[in-house]
Amino acid sequence: MNNKESENTETEILNAAKEVFLQKGMAGARMQEIADKANINKALLHYYYRSKQLLFEAVFKSAFKLLAPQLNKVLNDDTDLIEKIRKFTENYVAFVIKHPYLPNFVIQELSKNPDFIQKLRAEKNFPTIDKFKIQVNEAIDKGIIKPIEAEQLFINIISLNIFPFIGEPLLMALVNMDKESYKKLLKKRKTEVSEFIINSIKI
């Protein structure tokens with residue numbers, strides 16, 4: 001198998017795995033099902049990925065590599081703080097709607113494998129909040145926003161964005177919505193979260 005064929009096969013595996021993980025979750029997914037969907041035999045699948053865990057990590061990293069540069073760009077570009085909050089929320093929510101398995105995977109993986117975050121931090125374009133912190137402090141000094149630690153503000157933004165995806169079954173029950181209605185609600189989070197945050201900190 002040449003390099004091009006190998007790359008194509010790996011792409012097919014990752015796409016198939018993403019579909020199965022999305023439908024069945026980590027626990028319910030089976031390597032045979034992934035192999036069937038990728039139109040390869042199970043032995044070849046194991047040649048590329050020795051275990052379901054390694055395959056799941058590869059699927060996550062593949063998606064994270066798409067998300068990380070977007071978030072990093074938003075956090076560290078010259079956009080003013082208020083617009084930055086809007087862009088971050090819009091980009092994050094839009095991305096997770098397309099990759100809904102990611103938040104639960106992060107929580108699940110980090111709870112049993114805390115060292116996994118070190119693998120992510122080693123990835124190129126892992127997001128940093130250095131510029132964001134400077135902008136928060138400048139906005140406070142100029143009297144644009146109320147005093148708040150940049151780290152606290154960032155955690156607030158992340159938490160409000162992530163929990164509706166992690167807690168989907170519980171929240172659907174509490175707000176009495178079916179799957180389709182809840183999806184529409186999540187799309188509105190693109191603006192709802194940012195406006196809530198902005199209104200809470202603006203003077």
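This structure is a prediction, so every number in the text was calculated from the model and none was measured. Index from 1, following the sequence.
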*asked:* Has S194 got a side-chain atom pairing as donor or acceptor with T191's backbone, closer than 3.5 angstrom?
replied: yes
*Donor-acceptor pair, side chain of K84 and main chain of V74, under 3.5 angstrom*: yes
*Spell out, yes or no, whether L54 and M31 are grouped together once hydrophobic residues are joined by side-chain heavy atoms under 4.5 Å, including indirect joins.*
no
*Just wondering, are more than 12 heavy atoms of other shown residues or ligands nearer than 6.0 Å to NZ in K73?*
no
_Any non-hydrogen side-chain atom of I85 less than 4.5 Å from a side-chain atom of V193?_
no
*Okay, side chain of K52, backbone of A29: is any donor-acceptor separation there less than 3.5 Å?*
yes
_Please check this pair: side chain of R189 against backbone of L160, looking for a donor-acceptor N/O pair closer than 3.5 Å._
yes
_Testing the 3.5 Å rule here: is there a donor-acceptor pair between the side chains of N8 and T11?_
no
*If you measure from CD1 on I145 to CD on E138, what distance do you get to the nearest 0.5 Å?*
10.5 Å
*What distance do I40 atom CD1 and E10 atom CD have between them, rounded to the nearest 0.5 Å?*
10.5 Å
_I'd like to know if the side chain of S181 and the backbone of M177 have a donor-acceptor N/O pair within less than 3.5 Å._
no
*Going by the side chain to side chain contact (heavy atoms under 4.5 Å, CB included) test, name the single residue among N156, V93, N91 that passes it with N161.*
V93
*Please assess Q32 against D36 for the test side-chain hydrogen bond (donor to acceptor under 3.5 Å, both in side chains), listing each intermediate value before the final yes or no.*
CA-CA 6 Å; Q32 184 63 63; D36 292 344; 2.9 Å; yes
*S62 (side chain) donor-acceptor with A58 (main chain) under 3.5 angstrom*: no
*asked:* Check whether D130 reaches the backbone of N76 with its side chain - one donor and one acceptor, N or O, closer than 3.5 Å.
replied: no
